[in-house]
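Numbered from 1 within each chain, the chains take letters A, B, ... in sequence-line order.
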Amino acid sequence: MLEGLNKISDIEWEVRKGYVDDMAVPGRIFLSEGLGENLEDGAVKQLANVATLPGIVKYSLGMPDIHWGYGFPIGGVGAFDVENGIISPGGVGFDINCGVRLITTPLKKDEFSGIKRLINTLFSTVPTGVGNVAPKKFSDSELEDIMREGASWAVKEGYGMPDDVKSCEESGMMKEASTEHVSTKARQRGRPQCGTLGSGNHFLEVQYAAEIMDDEAAKAFGIEKDQICFMIHCGSRGLGHQVCTDHLGTIENATKKYGIKIPDRQLACAPVKSPEGEAYFGAMAASANYAWANRQMITHMVREVIERDFGVDYNEMKLVYDVTHNVAKIETHVVDGKKMELCVHRKGATRAFGPGSPEIPKDLSAIGQPVIIPGSMGTSSYLLKGTQTAMEKTFGSTCHGAGRLASRSSAKKSHSGADIRQDLLDRGIFVRATSNKVIAEEAPEVYKPSSEVVDIVHRAGLSMKVARLEPIGVIKG
DNA sequence: ATGTGC
């Protein structure tokens with residue numbers, strides 16, 4: 001509910017200092033009155049709690065897809081001064097570098113047929129679902145390289161082409177990775193899973209570009225109307241999950257050790273510049289690199305299938321961009337006219353750097369970075385561009401997706417997976433999933449409409465629409 | 001999200 005929040009504009013709301021005790025800064029949420037009806041009190045409280053943590057700068061921020069999460073809300077951004085601020089695993093989440101990438105093909109919708117066959121082939125090619133393993137179990141030394149080098153490791157091993165790397169945020173590799181802080185247990189979980197899709201909201205979709213809203217940006221990003229594309233949404237699997245679990249323990253101890261007062265145990269944190277904070281950051285970066293290698297390997301599998309079955313040249317399937325939804329990064333931002341080094345936590349939020357940012361590909365410098373916002377199963381996904389407004393208002397951030405409305409358990413009670421699969425088929429969307437249970441949990445109705453969420457970030461100027469993508473085939477874990 | 005709930 002929006003009650004108790006101060007209205008700044010039709011799409012921006014303030015969570016005043018004092019909403020919970022000890023807030024150092026206010027909160028800001030980008031949200032319409034309509035979507036505000038589903039705003040959870042718990043999520044607002046979590047956003048306010050983040051504002052109590054040491055070193056927070058400017059605002060604790062909520063995107064229109066905000067919902068309740070572990071400690072920090074999902075759809076939240078918190079930036080902390082590197083000198084006196086904190087880093088928190090709860091500000092990143094369990095699925096470190098959960099992210100999404102978009103790849104185009106030269107195929108056009110009108111000339112394309114055989115979606116069922118393609119999805120069935122991909123479903124048997126890309127390992128999918130909880131506990132599934134990749135065709136290859138990597139050695140300890142290979143895993144070490146994966147965690148250090150990320151997407152570039154995969155390309156070097158033949159799972160892609162050199163241009164792929166520069167089309168990833170961070171070039172698909174956080175150089176701060178320190179693998180010595182990744183436990184044996186995390187490595188054991190990670191070794192058989194690189195090149196697997198995972199479960200839940202993770203997916204592999206075949207889509208087409210249904211609408212182009214910004215011709216200039218679409219041209220720069222390399223996407224045309226009616227083009228067949230594929231989108232991959234997944235993360236760091238069991239490795240990132242284990243890294244989060246392991247470091248929550250050490251960070252909880254550090255919270256006590258450094259005398260940091262937190263309003264919720266799930267906000268455990270340590271100074272950015274502390275051994276415990278640096279250890280978590282290094283292990284998180286290693287997990288992020290693993291996730292980039294993972295998405296790169298899946299990209300390769302899909303390209304090989306399309307090359308073989310549709311006669312498309314592998315090199316004609318270009319990576320538009322790869323963004324991360326769950327990460328903490330050290331970035332320089334201008335705050336009240338002066339440059340500051342910040343530890344920016346984006347949890348269920350996407351970087352949306354604007355024109356001229358040195359971090360984005362040079363050939364896109366005049367446009368802004370590509371921003372990819374996936375919809376829920378069977379609904380529109382969007383390609384947008386980053387903006388200067390985002391740099392000024394949200395530390396260069398925007399939303400990450402539709403945002404869940406109902407819990408997995410309630411979704412299972414109210415929806416039949418088989419019925420949803422048939423409904424989608426009637427609408428021309430062919431779904432393969434590891435179980436009907438997953439389809440019920442991921443029913444489009446239990447998510448906010450992606451179009452409404454994207455409308456708000458567009459109206460707020462946090463990222464501007466470039467293209468709308470519609471699914472024709474979906475693989476769900 | 002996750003070898004799905006301590």
Side-chain angles (χ1 to χ4, degrees), chain A residues 43 46 65-76 88-101 127-134 137-138 143 182-204 232-249 252 265-266 280 283-284 287-288 290-292 294-295 298 323-328 345-350 374 376-377 400-413 417 433-443 446-447 475-477:
Chain A
Q46 288 188 320
D65 49 346
I66 185 169
H67 56 114
W68 185 90
Y70 181 92
F72 287 51
I74 297 160
S88 172
V92 173
F94 277 83
D95 192 6
I96 296 165
N97 190 5
C98 173
V100 61
R101 57 166 55 187
T128 298
V130 176
N132 210 338
V133 295
K137 182 173 176 176
F138 292 106
L143 183 68
V182 178
S183 68
T184 304
K185 198 172 176 185
R187 289 165 198 259
Q188 277 171 351
R189 290 180 68 176
R191 276 174 57 202
Q193 289 186 323
C194 198
T196 66
L197 191 65
S199 178
N201 71 359
H202 290 166
F203 66 71
L204 165 59
I232 296 164
H233 180 198
C234 64
S236 52
R237 310 287 283 109
L239 183 133
H241 192 274
Q242 190 63 46
V243 163
C244 182
T245 303
D246 292 340
H247 284 265
L248 274 170
E252 272 189 19
R265 189 180 164 185
Q266 294 183 353
Y280 167 67
M284 182 216 71
S287 309
Y290 177 97
W292 273 306
N294 187 29
R295 290 196 285 278
I298 295 169
V323 295
T324 162
H325 288 160
N326 285 357
V327 85
H345 296 65
R346 295 192 184 89
K347 182 186 190 183
T350 312
S376 57
M377 181 174 58
H400 87 305
R404 187 170 272 282
L405 284 171
S407 71
R408 292 189 177 278
S409 53
S410 76
K412 269 184 287 190
K413 283 177 201 147
T434 47
S435 69
N436 278 332
K437 181 183 82 125
V438 168
I439 299 181
E441 288 177 352
E442 292 293 314
V446 305
Y447 282 89
I475 290 171
K476 272 284 187 185

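- Looking only at distances, a side-chain donor or acceptor of R191(A) sits under 3.5 Å from a matching main-chain atom of F138(A).
- Backbone-only contact: G200(A) has heavy atoms under 4.0 Å from sugar-phosphate atoms and none from a base.
- Salt-bridge formation is not detected for the pair K476(A)/E441(A): no Lys NZ or Arg NE/NH1/NH2 atom is positioned less than 4.0 Å from an Asp or Glu carboxylate oxygen.
- Rounded to an integer number of Å, the gap from CZ of R408(A) to P of dG5(B) is 14 Å.
- When the P atom of dT4(B) is taken as reference, atom CZ of R237(A) falls 12 Å away, rounded to whole Å.
- Counting any heavy atom pair closer than 4.0 Å across all strands shown, S199(A) reaches sugar-phosphate atoms only and no base atom.
- Here the OG1-CZ distance, from T245(A) to F94(A), works out to 4.5 Å after rounding to the nearest 0.5 Å.
- DNA chain B is contacted by both E441(A) and K476(A); K476(A) maps to the nucleotide lying nearer its 5′ end (nearest heavy atom per residue).
- Counting non-hydrogen atoms under 4.0 angstrom, K185(A) reaches a base of the nucleic acid.
- Using modelled atom types, one side-chain atom of Q46(A) and one backbone atom of G69(A) make a donor-acceptor pair closer than 3.5 Å.
- Between the CZ atom of F94(A) and the P atom of dT4(B) there is a distance of 14 Å, given to the nearest Å.
- For the pair Q193(A) CD and dT2(B) P, the interatomic distance rounds to 8 Å; values are reported in whole Å.
- We find that CD1 of I96(A) is positioned 12 Å from P of dT2(B), with the value rounded to whole Å.
- For the pair D95(A) CG and dT4(B) P, the interatomic distance rounds to 16 Å; values are reported in whole Å.
- Rounded to an integer number of Å, the gap from K412(A) NZ to dG5(B) P is 12 Å.
- Contacts of Q188(A) with the nucleic acid, taken as non-hydrogen atoms under 4.0 Å apart, are absent.
- The distance from atom CG of N294(A) to atom P of dT2(B) is 10 Å, rounded to the nearest whole Å.
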